[in-house]
Amino acid sequence: MPFIRDFNALRFRTALRSILLGPQLLAFLPAISLGGYWYGGEGVLLFIAILFPAIIALAGLLPANGSSGAKECDSITGLPLRAAAIGALNEAYQTAGTNGHSTACLVVELDEFPTISRTYGTDASDKVLASAATRLRDTMRDYDLIAKLDGPCFAIAMAPRRRVDLEGMLQIAARIQGALSDPFSINATRVYVTSSIGFCTPSRAPSSDGAALLAAAERALVDAQNNGPSAIRAYSPDIVKRAAAASAIAAEVGNALENGQITPWFQPQVSTDTGEVTGLEALARWQHPERGLIPPAEFLPAIADAGLFEHLGDVMLNQSLAAIQAWDNIDINVPNVAVNFAAEELSNPKLVDKLRWELDRFDLTPDRLTVEILEDVIASSDNDTITRNIWALSEMGCRIDLDDFGTGHASIANIRRFAVDRIKIDRSYVTRLDVDRDQQNMAAAILTMAERLDLETLAEGVETVGEHSMLAQLGCGHIQGFSVARPMPFDETTTWMRKHREKLATPSILGRHAG
């Protein structure tokens with residue numbers, strides 16, 4: 001195979017160069033020249049002085065002069081660049097046509113690499129890149145070509161192999177992630193880095209050339225990164241369609257907010273003691289006139305990129321307060337509605353005055369509004385404005401919920417500093433709670449801590465009767481999830497609330513049992 005023959009030739013030339021041009025031979029060159037003259041006369045001396053260097057140069061053993069070498073290889077990792085990967089893939093395509101072998105391309109990027117550079121400095125991030133390159137070389141076969149792309153990104157052009165399929169590529173990608181997951185040492189500090197990977201096989205590539213194969217693997221990487229860190233994705237034509245849809249969403253999201261297409265849907269929260277509705281959470285949903293219901297995971301990133309979180313917050317707050325007023329008017333008891341506030345909203349110095357004015361406009365007391373704050377905001381915030389706003393809202397009478405508890409690193413001191421009234425236990429601690437002893441122990445520990453701190457508790461994502469029952473036994477005060485009800489538009493809430501009220505007349509509601 002040409003790919004392998006070229007690799008072996010390169011390895012041979014490198015070894016020969018190290019012998020002929022290494023310091024050991026150069027150190028003895030004067031003695032060799034003198035010995036040649038002594039035993040062979042001027043002819044041998046002339047060969048050593050003139051012809052020997054010329055033969056080395058003609059054989060391609062001398063390194064390129066000037067800066068051409070620097071242009072062909074990355075200065076930090078020593079790896080070849082994009083053109084080398086494309087060339088290797090093109091060569092592999094040619095080989096596949098003669099012997100039935102095939103190739104593939106993987107693109108690997110280190111997740112959140114800018115954070116390493118900001119935290120530890122450029123020299124440290126360069127060391128991580130160099131170490132990552134070494135690990136990739138150690139993980140792949142000698143004949144696979146690894147190239148450096150822009151940023152913390154690497155391309156792997158796989159040497160032709162007899163069998164290239166999806167399962168095998170996933171195993172290779174997982175092996176790469178495992179190699180990169182070992183801690184990197186930076187100034188005696190262990191730093192953990194995750195990686196995202198996209199790959200493409202020739203059978204799925206848009207066209208049969210190296211550039212197209214590499215570009216397809218890069219598109220797969222972007223798709224992987226859109227699904228969170230440490231993701232692996234294979235290229236398929238659907239990726240292009242999803243990218244086009246994402247671009248369309250980004251272009252339309254501003255108008256959707258203005259035109260009332262994005263509205264709150266409401267999910268009930270109930271007491272594990274009585275089954276009574278203790279509140280509703282407002283969740284953003286986009287009812288697109290052509291595409292139908294678009295889930296928040298698809299449009300919230302576009303809202304963030306467009307800097308429209310405050311606008312979305314205004315829409316959610318206004319319509320949630322209007323919903324409370326409407327329920328009051330028809331004698332539907334909804335104690336409060338929880339509205340999520342992003343860090344951008346909480347950083348607004350005029351937030352408290354705005355909320356006070358909105359509550360007065362709808363003739364509602366502050367306790368009817370629950371301010372939901374993500375745990376990450378509390379864990380990472382050193383913004384005094386955010387702290388003052390949350391305290392002021394609490395003093396005004398609004399309830400403060402700490403959302404997704406257990407996924408961040410909020411300390412007990414921060415929970416107190418931000419005047420939290422209730423913690424919402426993340427879904428990850430609820431799944432299979434009724435059958436997994438470790439889950440029960442974790443949930444019990446959180447609930448015990450909350451009880452000692454005099455905090456209320458609500459479990460999110462409760463999907464089964466078994467999870468509901470176990471949470472009640474462990475002492476969780478409130479639950480929310482599909483086992484109670486799915487999020488619903490305002491028009492459906494009245495019917496659901498009335499039916500739920502009728503159920504309370506029967507003894508079927510799960511209560512708390514002595515544990």
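- Put simply, the side chain of Asn259 gets close to the backbone of Asn255: a donor and an acceptor are under 3.5 Å apart.
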Requested in this report: Could you check Thr278 against His478 for side-chain hydrogen bond (donor to acceptor under 3.5 Å, both in side chains), going step by step and ending with a plain yes or no?
Outcome: CA-CA 8 Å; Thr278 56; His478 309 265; 3.1 Å; yes

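- Atom-to-atom distance recorded for Asp491:CG and Thr493:OG1 is 7.5 Å, nearest 0.5 angstrom.
- Within 6.0 Å of CD on Glu451 lie no more than 12 heavy atoms contributed by other residues, nucleotides or ligands.
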Query - Full working for salt bridge (charged side-chain N to carboxylate O under 4.0 Å, His left out) between Arg388 and Glu395 - result: CA-CA 10 Å; Arg388 287 197 300 269; Glu395 289 293 314; over 6 Å; no

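- A salt bridge links Arg399 with Glu456: the distance from a Lys NZ or Arg NE/NH1/NH2 to an Asp or Glu carboxylate oxygen falls below 4.0 Å.
- Here the side chains of Phe418 and Ile386 are in contact, with some heavy-atom distance below 4.5 Å.
- Results of the salt bridge (Lys or Arg N to Asp or Glu O under 4.0 Å) test with Glu460 over Lys424, Arg422, Arg427 single out Lys424 as the only residue that passes.
- Here the side chain of Thr272 pairs a donor or acceptor atom with the backbone of Cys476 at under 3.5 angstrom.
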Query raised in the report: side-chain contact (heavy atoms from CB on, under 4.5 Å) between Val107 and Ile197: does it pass, once the steps are laid out?
Result: CA-CA 6 Å; Val107 178; Ile197 300 177; over 6 Å; no

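- No side-chain heavy atom of Leu458 sits less than 4.5 Å from a side-chain heavy atom of Ile425.
- For the pair Tyr235/Thr201, no side-chain contact is recorded, criterion being any heavy-atom separation below 4.5 Å from C-beta on.
- For Asp363, the CG atom is loosely surrounded, since the number of other residues' heavy atoms within 6.0 Å does not exceed 12.
- Ring pair Phe490/Trp327 is tilted by interplanar angle, where 30° to 60° counts as tilted.
- Pairing each heavy atom of Ser394 with each of Ile400, the nearest pair is CB-CG1, 4.1 Å.
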Query raised in the report: Would Thr370 and Glu281 count as a side-chain contact (heavy atoms from CB on, under 4.5 Å) if you check the C-alpha gap in whole Å, the side-chain angles of each, and the deciding distance to 0.1 Å?
Result: CA-CA 9 Å; Thr370 295; Glu281 180 180 4; over 6 Å; no

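- Between Pro229 and Thr194, the shortest heavy-atom distance links the atoms CB-OG1, 4.0 Å.
- Around CG of Asp150, the count of heavy atoms belonging to other residues, nucleotides or ligands within 6.0 Å does not exceed 12.
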**Report entry** side-chain contact (heavy atoms from CB on, under 4.5 Å) between Gln269 and Leu280, intermediate numbers included
**Finding:** CA-CA 6 Å; Gln269 303 164 341; Leu280 297 171; over 6 Å; no

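- The structure places CG of Asn348 at 7.0 Å from CG of Asn389, a figure rounded to the nearest 0.5 Å.
- Residue-environment remark: CZ (Arg486) stays at or below the threshold of 12 foreign heavy atoms within 6.0 Å.
- Here the closest heavy-atom approach between residue Thr263 and residue Met316 is recorded as C-SD, 4.2 Å.
- At least one donor-acceptor pair under 3.5 Å links the side chain of Gln177 to the backbone N or O of Ser230.
- Checking side-chain atoms of Ser469 against main-chain N and O of Val465 turns up no donor-acceptor pair under 3.5 Å.
- No side-chain heavy atom of Arg368 sits under 4.5 Å from any side-chain heavy atom of Pro335.
- Between the side chain of Asp74 and the backbone N or O of Leu79 there is no donor-acceptor pair closer than 3.5 Å.
- Remark: the backbone N or O of Glu463 is paired with a side-chain donor or acceptor of Glu467 at under 3.5 angstrom.
- Few gaps surround CG on Asn329; more than 12 heavy atoms of other groups in view lie less than 6.0 Å from it.
- In this structure the side chain of Arg219 reaches within 4.5 angstrom of the side chain of Pro206, judged on heavy atoms.
- The CG atom of Asp314 sits 8.0 Å away from atom CG of Asn318, with the distance rounded to the nearest 0.5 Å.
- Across His468 and Val462, no two heavy atoms sit closer than the pair N-CG1, 3.7 Å.
- Taking CG of Leu355 as the start and CD of Glu345 as the end, the distance is 9.0 Å to the nearest 0.5 Å.
- Between Phe266 and Ser320, the closest side-chain pair of non-hydrogen atoms falls below 4.5 Å.
- Side-chain contact check for Val191 versus Val128: every heavy-atom pair is 4.5 Å or farther apart.
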Requested in this report: Take Cys153 and Val108 through the side-chain contact (heavy atoms from CB on, under 4.5 Å) test and state the conclusion after the steps.
Outcome: CA-CA 6 Å; Cys153 199; Val108 183; over 6 Å; no

Report task. Test side-chain hydrogen bond (donor to acceptor under 3.5 Å, both in side chains) on His288 and Gln261 and set out the steps. Result -> CA-CA 6 Å; His288 194 281; Gln261 295 176 18; 4.9 Å; no

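- Here the closest non-hydrogen pair linking Met449 and Ile423 is CE-CD1, 4.2 Å.
- Side chain of Ser117 to main chain of Pro114: no donor-acceptor pair is present (N/O by atom type, distance under 3.5 Å, no hydrogens or angles).
- Of the inter-residue distances, the one linking Leu359 atom CG with Cys398 atom SG reads 5.5 Å to the nearest 0.5 angstrom.
- Interatomic distance, Asp401 CG to Asn336 CG, rounded to the nearest 0.5 Å: 8.0 Å.
- In this structure, Ser125 contributes its side chain and Ile116 its backbone to no donor-acceptor pair below 3.5 Å.
- Arg361 has a carboxylate O that lies under 4.0 Å from a charged side-chain N of Glu358, or vice versa, which qualifies the two as a salt bridge.
- Two residues are said to be in side-chain contact when any heavy atoms from C-beta on lie closer than 4.5 Å; Leu351 and Leu393 meet this criterion.
- Electrostatic pairing of Arg356 and Asp353 counts as a salt bridge here, judged by a charged N lying under 4.0 Å from a carboxylate O.
- Contact detail for Glu372 and Ala338: the closest heavy-atom pair is OE2-CB, 3.6 Å.
- Between His500 and Trp496, the ring planes are parallel. Angles under 30° get that label, and only those over 60° would be called perpendicular.
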Report task. Apply the test side-chain hydrogen bond (donor to acceptor under 3.5 Å, both in side chains) to residues Asp273 and Ser271: give CA-CA distance (whole Å), side-chain angles for both, the deciding distance (0.1 Å), then the verdict. Result -> CA-CA 5 Å; Asp273 271 336; Ser271 166; 4.9 Å; no

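- Under the 6.0 Å distance and 45° angle rule, Arg135 counts as a cation-pi partner of Phe184.
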